[in-house]
Amino acid sequence: MRARLERIAVVRQAAVRAAVEGASGVMVGLAREAGAAYSIRTTLVPLEEAARQKLYPAGWRNAAGNDLEPAFVDYAAPLVGAIPSYSAL
């Protein structure tokens with residue numbers, strides 16, 4: 001929860017800064033920095049790009065399409081916390 005509130009504050013500050021600087025037709029986005037440690041930066045994204053559909057990468061699903069690959073767990077865990085592993089039923 002604390003990390004989420006910190007991200008909200010960062011986005012809010014970036015949005016105010018962009019508005020004061022006259023930015024228009026954009027929204028604040030978060031871009032994850034490369035590397036194992038979770039790190040983000042803000043970026044201004046044109047509304048046309050932000051509104052487009054983004055598909056879940058096939059490489060994040062197993063071949064059967066019914067489970068997550070470790071690449072997704074590595075990506076999502078800093079955002080949502082630990083992702084439990086379940087045995088097959």
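These numbers were taken from a predicted model, which means no experiment stands behind them.
- Residues Pro46 and Met27 fail the side-chain proximity criterion, which asks for heavy atoms closer than 4.5 Å.
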Set out, in order, the CA-CA distance, both residues' side-chain angles and the distance that settles side chain to side chain contact (heavy atoms under 4.5 Å, CB included) for Leu30 and Val11, then state yes or no. CA-CA 8 Å; Leu30 294 174; Val11 169; 3.7 Å; yes
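- A salt bridge (charged side-chain N to carboxylate O under 4.0 Å, His left out) check over residues 9-26, counting only residues at least two apart or in different chains, returns nothing.
- Proximity of Arg7 to Ile40: side-chain heavy atoms (C-beta onward) are separated by under 4.5 Å at one or more points.
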Go through the steps for Leu44 and Val28 under the test side chain to side chain contact (heavy atoms under 4.5 Å, CB included), then give the verdict. CA-CA 5 Å; Leu44 295 180; Val28 176; 3.9 Å; yes
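- Considering only residues two or more places apart in sequence or on other chains, Ala77 meets the side chain to side chain contact (heavy atoms under 4.5 Å, CB included) condition with none of them.
- Listed by first and then second residue, the ring-ring contact (aromatic ring centres under 6.0 Å, His included) pairs involving residues 10-43 amount to none (not counting sequence neighbours).
- Enclosure of atom CZ in Phe72 by more than 12 non-hydrogen atoms of other residues, nucleotides or ligands within 6.0 angstrom is indicated.
- The salt bridge (charged side-chain N to carboxylate O under 4.0 Å, His left out) search around Glu33 returns Arg41, not counting sequence neighbours.
- Taking Val10 as the reference, Thr42 meet the side chain to side chain contact (heavy atoms under 4.5 Å, CB included) condition, with sequence neighbours excluded.
- Among pairs with a residue in residues 55-66, those fulfilling side-chain hydrogen bond (donor to acceptor under 3.5 Å, both in side chains) read Asn62-Asn66, at least two apart in sequence or across chains.
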